[in-house]
Amino acid sequence: MAPSTKNSVILGEALASEEVNLVFPTEDFSRQAHVSSIQKYGEKYGRSVEDPAGFWSDIASEFYWKQKWGQPVYTENLDIRKGKINIEWFKGGKTNICYNCLDRNIKGGNGDKIAIYWEGNEPGHDASLTYNQLLARVCQLANYLKDIGVGKGDPVIIYLPMLMELPIAMLACARIGAIHSVVFAGFSAESIAQRIMDCKPKVVITCNAVRRGPKTIFLKDIVDAALIESAQNGINIDVCLTFENESALKKEMTKWVEGRDIWWQDVVPKYPVTCEVEWVDAEDPLFLLYTSGSTGKPKGVFHTTGGYMVYTATTFKYAFDYKPKDIYWCTADCGWITGHSYVTYGPLLNGATNVVFEGVPNYPDAGRCWDIVDKYKVSIFYTAPTLVRSLMREGDEYVTRYSRKSLRVLGSVGEPINPSAWRWFSNVVGDGRCPISDTWWQTETGGFMITPLPGAWPQKPGSATLPFFGVQPVIVDEKGVELEGECSGYLCVKSSWPSAFRTLYGDHERYQTTYFSAFPGYYFTGDGCNRDKDGYYWLTGRVDDVINVSGHRIGTAEVESALVSHPQCVEAAVVGVEHEVKGQGIYAFVTLAEGVPYSEELRKSLIKVVREKIGAFAAPDKIHWAPGLPKTRSGKIMRRILRKIASKSLDELGDTSTLADPSVVDQLIALADC
Ligand code: ATP
Ligand code: MG
């Protein structure tokens, strides 16, 4: 449900208080940027929406196509009233994304450039691959896969941690036209089994174990359990290719099923280091990826090749103002869309040098990220608000003990970033000199949709700012009527962009009803959004999470940001609870800075902050002390569980096994009456 027009004025005031803090890029930065002013953006953006076919064809021509696409450049139907939803870009074009990431860059003179710096869990444990070396590794695996019968259109499940073998496996699949489906290597056996049963892969690629911080996780045992479960359901996997991650676990200690399990190191290195490319149609599938599941059962999001390639490469280049000498590090795991588009494909398509990190940001201590930044001279650092807030909680000393002078651009993704976390990221991590690209997008969108172009316009902490080229966001009211100017409502998109998902795997019906039926004529994102007088977009959280207090519709993000702006609060999650008078009341879970004790006085001052920043109507009715919050494995807060805790419906908590740390739930229940 959308905030009413009346409330948008109130929310507008709340936003206005942020606007005094316009953050301008430095002149030096703007001068060297790909897009140096809002006027230049305006010209390009104008063309991108008036002539999408021409705009994207020009960019697509920079890639290698075995055969050029046909006409029209794209076809779309986003209007369910006119029939089946359908999106196609560059159809008839024959290309290969692996070729464009590797062979094309090597031919362009980048063969000896580092493609991947790999940093292990333990400091000092590292490796690297040049573009030439990466291609050789990819080809060996591609040849092996072909040899065991994997071919064009065959799904392959990859359950690997952040080893170099993870992007290698993705690229090897792409090279031979196989469809990869990466399952984040933190998911349970049951989750893997579900995905195996859904896409019926020929092979599963995994490794024996991984060390994450001080813990060892026995991945192969988890896969074994998943394979037993899927076999019981009639799906048998012929080959489980297992990489020996020696630093985590020795080969001899790994449980083994003879005939099915094969050590990667025993077979793959024997294959030739060149492998012919399978030329695929632009609309042939590239991968299948399940969403993070923060709102319920994960959806099998289906992406195709050509449009995804063109769009991820372009967004990477512009949103991070990427230049060939940059060293880029994205902390996301390849198990999520961010790792697909902005660890593997976007950077490699641009010939970038990429840092891949196996470990966790707080091991051996909370300074690890900045240690890595200094070690590789990282210039673009892309992460999630949850990581920013958790490091902010540990204090500035962990940051300031490192130089970080190589940093040039910072990025954020996954949730709205609270203005106070934004400022800490900008001032402490970025020493006030690095623009922040707060990129709003989704598994479904494939690439950035609303994002700053650093250098082109001033930022407002907490706003993802303006749409990327070719993206036409609209905000609609509950009747689906497009709102103009400053407004507040449901975020939709009105025409297709090249990397839009084409369907949900095996369930086009669910695709149509989930995304195209609520507001006919538009793609509905599921997110609430405000647009301010300057046309900047402010994501307010998922519309399912909107709270209705005495007729005021309040987005979770606004209240959470107000709470986090309190110097002693590092994280907050708010949910609605039934309230006799107001209909719904606001129930806030708050995590305090390290070492700060909870007190009545603090409770009052937290409520006061919300009153001041938003208004009395948004003041929380209850503050619940939360040493930790229930999060998905991609770091997002699962408000569904918090709602149950808040309403004391403890027998309805549902499945908590997909949480990163299920024990926080018990902790919260124990603290309910404090
Ligand atoms: P599910 O759809 O299964 O519930 P999910 O939506 O968490 O999972 P993703 O596709 O990984 O899966 O996340 C996309 C969502 O994350 C967006 O719809 C939005 O709610 C949120 N999001 C991502 N980036 C931003 C951002 N920069 N600002 C605000 N919200 C963001
Ligand atoms: Mg979603």
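Both counts, for ligands and for their atoms, begin at 1 and track the order of listing. Remember, it's a predicted structure, so these values are computed and weren't measured experimentally. FYI, side chains are in, hydrogens and waters are out, and symmetry mates aren't considered; it's all heavy atoms of this structure. The first residue of the sequence shown is numbered 1, and numbering continues consecutively from there.
For ligand 1, the polar-atom distance check against Arg542 finds a nitrogen or oxygen pair separated by under 3.5 Å. Where the criterion is an N or O separation shorter than 3.5 Å, residue side chain and backbone included, Thr291 meets it with respect to ligand 1. Considering backbone and side-chain atoms alike, Leu539 places every N or O at 3.5 Å or more from each N or O of ligand 1.
The shell of residues lying under 4.0 angstrom from ligand 1, judged by heavy atoms, excludes Ala464. Using a non-hydrogen distance threshold of 4.0 Å, Ile337 does not register as a contact of ligand 1.
Salt bridge status for Lys460 with Asp534: present, with a side-chain N to carboxylate O gap under 4.0 Å. A salt bridge links Arg389 to Glu415: one of the charged nitrogens lies within less than 4.0 Å of a carboxylate oxygen.
Contacts of Ile417 with ligand 1, taken as heavy-atom pairs under 4.0 Å, are absent altogether. In Trp441, the part holding a heavy atom less than 4.0 Å from any atom of ligand 1 is the backbone.
For atom 15 (C) of ligand 1, the nearest non-hydrogen atom from the set Lys636, Glu415, Lys299 comes from Lys636.
Asp198 meets the salt bridge (charged side-chain N to carboxylate O under 4.0 Å, His left out) test with no other residue; sequence neighbours excluded. Annotation: ring pair (Phe, Tyr, Trp, His ring centres under 6.0 Å) contacts of Tyr511 (sequence neighbours excluded): Phe501, His508, Phe516.
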For a side-chain contact (heavy atoms from CB on, under 4.5 Å) check, start with the C-alpha distance between Trp440 and Phe448, then their side-chain angles and the critical distance, and finish with the verdict.
CA-CA 6 Å; Trp440 175 83; Phe448 303 151; over 6 Å; no
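Of the options Val413, Thr331, Thr439, Asp333, a side chain to side chain contact (heavy atoms under 4.5 Å, CB included) to Thr338 is made by Val413 and by none of the others.
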